[in-house]
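Notes for the one structure printed next.
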Protein chains: 2
Amino acid sequence: MTTLKDISKHLGLSVTQVSRALNGYSDVNEKTKKRVQDAAAELGYSANLSARSLVTGKSGLVTLIRAGDLTGPADASNLETISGLSKEFYQRGKQFVLHMLPPGVDPLPAYRQAAASGSFDGFVLIDTRQNDERVALLSKYDVPFVVHGRAEVDPSHAFFDIDNMAVIKQHVAHLAKLGHKRFAMLNGPTGFAYSEYRMMGYRAALEEAGLAFNAAAVIHGPMTEPHGMIATARLFEDHAKRPTALICGNVHLAKGAYTALDAMNLSIPEDVSVSAHDDVLHNLRASAFYPSLTVTRSAFSDSWVKLAETLCDMIDGKQDVPHQVVENSEFIARASTAAPKL
Amino acid sequence: MTTLKDISKHLGLSVTQVSRALNGYSDVNEKTKKRVQDAAAELGYSANLSARSLVTGKSGLVTLIRAGDLTGPADASNLETISGLSKEFYQRGKQFVLHMLPPGVDPLPAYRQAAASGSFDGFVLIDTRQNDERVALLSKYDVPFVVHGRAEVDPSHAFFDIDNMAVIKQHVAHLAKLGHKRFAMLNGPTGFAYSEYRMMGYRAALEEAGLAFNAAAVIHGPMTEPHGMIATARLFEDHAKRPTALICGNVHLAKGAYTALDAMNLSIPEDVSVSAHDDVLHNLRASAFYPSLTVTRSAFSDSWVKLAETLCDMIDGKQDVPHQVVENSEFIARASTAAPKL
DNA sequence: AGCATTTTCCGAAACGTTTCGGATTTATAC
DNA sequence: GTATAAATCCGAAACGTTTCGGAAAATGCT
């Protein structure tokens, strides 16, 4: 393993200058800078991270800790999460440590230990619930962390989120303008901040449109295709009270809804208008639906970029950058929504 | 962050003794050992991993480096790979660092840099090709690594693999015994060691059964359901030369084969016997096929346990444990194979 | 008591990097 | 040519841990 000393001996320079040359300091001659870089490349030098960590106090490690029950239908997005984060951190020079716990294990002790050891520069929190205890824990240890979504309604922590209230408002407004009066929504599971935000947006938008809110027409549950199918079937059970507009939390739910509606001989958009929020996952494209699906769109993958960027900024002590980012979603009207039949 | 020095001052001991006490050395009095441990707990001490790494030369980090084009149909197994490895290493006290490269990027430079930096105690290699350059690279740097599958026909590196020759031999033997004479096989992509091993097993088993090998009846390609469908359709195009037995590289291929055969009005097992190798992935269960699928079975998840175990043994310098493990697969005859029609 | 052993402890060096303060060289101005 | 400023370099200390070699204290043996 080549060290700075090796390079310094090889070039007749001091270790100091070699270090400064490689780290791009301004007080080293451009010529020697190049010489050093060439020598480093030639000797295959790569900095020893432990040594660097020791003196800088930063380990260069960030981590994601999760319970390992990732074998469900959300597989694909989980893989995108993990690989997306890894990729982003890698490009920013951080090592991404993945801690997958055995299924069903409470992750909190693992978080506590990781935080106490001080071995990690930062944490990424995903799948956060409202008032998530992990937020309190990491705050106590005063270690940087960034949250996907928001853990509270008015959080003090760094986060990246989409404007979930606005998302649903766009759907309702679009459908109300088309003339719909009987709405239904397939929301995510209760307890997650995004579900609550969407619920708030739903109620507010209905009120704004002068429509009554019907609690029975909102079903909370996992955002999967099977659940979308089952829940849709339940929503349309009672012929008398059938909604004419169905808003789905994501495209998987919408996919299930399509199947269920088809099975019930209801056509889209003639009998029912369907719209959804589209996270732009690779394995299910909203534009490939038939009829093509009206959506609000915010690429899931944007999150990783922002989350990584924010966390790195926090670690590097940049104060002037915003640590709370709310992204807006684009509304795309397609063929799955139309005016209701009279 | 409390350090050894803090504890030593607090107790009036030397840093040396505190270190040795915490690491359970025998040359420290039991009484002081307890005193030190209590003080450590009281002060919330947790060893600085960077400092330890620097002197021991072991970082406690193991890594998996991959090109990030994981958005294809193999998603689920990739997630199982990653989460499985992470879990196993975590339980063995190693930090699992995931390096996901942007899609299409040559991973070799990343491997070189990671190996040269000496920051990692070990590497896990998956999706290895025959004579994989990564094996040569890591061998050169003399850093421990373990391979899923084998990168050469008679490798010198540590690996965990299933006996792919025997796998196919079991299929052929079973089907030949039932009376089949016209075989076909959907194999994995060329260039991968397991595909080659399976090919060897296929040829050897046919010869053993006194049957001729027909090159046109073997199709190499991605082990996905769509490819299984397309390849099967092609194999059964020519009515005159239709095989009566089809061996599939995995259950996804088999799934595609089922669909294609159904579309061609060929029934299983009356017209065609189908069997496959089953990696026991969570998202597609062989026993849930209709008719239920005859398989050789080796749980993919066993690999992570063995790979992690082996790599940790190598890192800790255990010489007496076997570093090359070939697992046998269980053969399970089910309803998808039967004697051919006369 | 004197000596040998064992037990228990400690000082100092080392790991590879960054960084502080200052030293040396080179360029600029008069 | 000299004084001053700028550019370029370097020695030494520090980060927190482990470990080598040996020292001190306790114990055992005659």
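Chain letters run A, B, ... following the sequence lines, proteins first, then strands; residues in each count from 1. Keep in mind that what you see is a predicted model, and the values were worked out from it rather than measured.
Remark: D38(A) engages no residue in a salt bridge (Lys or Arg N to Asp or Glu O under 4.0 Å) (not counting sequence neighbours). For S46(A), the side chain to side chain donor-acceptor pair (under 3.5 Å) criterion is met by no residue, not counting sequence neighbours. Residues passing the side chain to side chain donor-acceptor pair (under 3.5 Å) test with T16(B): none are found, sequence neighbours excluded. With sequence neighbours excluded, the residues satisfying salt bridge (Lys or Arg N to Asp or Glu O under 4.0 Å) with D127(A) are R66(A). With sequence neighbours left out, the side chain to side chain donor-acceptor pair (under 3.5 Å) criterion links Y45(A) to no other residue. By the side chain to side chain contact (heavy atoms under 4.5 Å, CB included) test, T310(A) is found to be paired with V146(A), A158(A), M314(A), H323(A), residues two or more places apart in sequence or in another chain being considered. Applying the side chain to side chain donor-acceptor pair (under 3.5 Å) criterion to D121(A), with sequence neighbours excluded, gives S59(A).
For the helix from dA1(C)-dT30(D) to dC30(C)-dG1(D), the rotation axes defined at the first and last 5 base pairs enclose an angle of 40°, given to the nearest 10°.
If you take CG of L11(B) and C1' of dC9(C), they are 14 Å apart, rounded to a whole angstrom.
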Less than 3.5 Å apart, which donor and acceptor atoms pair up between the side chains of residues 101-113 of chain A and the rest of the protein, not counting sequence neighbours?
residue : atom : partner : partner atom : Å
D106(A) : OD1  : L108(A) : N            : 3.2
Y111(A) : OH   : I65(A)  : O            : 2.8
Y111(A) : OH   : R134(A) : NH1          : 3.1

Please list every donor-acceptor pair under 3.5 Å in which a side-chain atom of residues 89-96 of chain A meets a protein atom from a residue at least two apart or in another chain.
residue : atom : partner : partner atom : Å
R92(A)  : NH1  : E88(A)  : O            : 3.2
R92(A)  : NH1  : E88(A)  : OE1          : 2.8
Q95(A)  : OE1  : H99(B)  : NE2          : 2.9

Reading nucleotides 13-23 of chain D from the 5' end, what letters show protein touch, with B for base, S for backbone sugar-phosphate only, - for no heavy atom under 4.0 Å? --BBBBB----
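Residues of residues 28-39 of chain B that place a heavy atom closer than 4.0 Å to DNA chain C, in numerical order, are V28(B), N29(B), T32(B).
The closest donor-acceptor contact from the side chain of D316(B) to the backbone of D313(B) lies at 3.5 Å or more, if one exists at all.
For dC10(C), the OP1/OP2 oxygens have no side-chain nitrogen or oxygen of Q17(B) closer than 4.0 Å.
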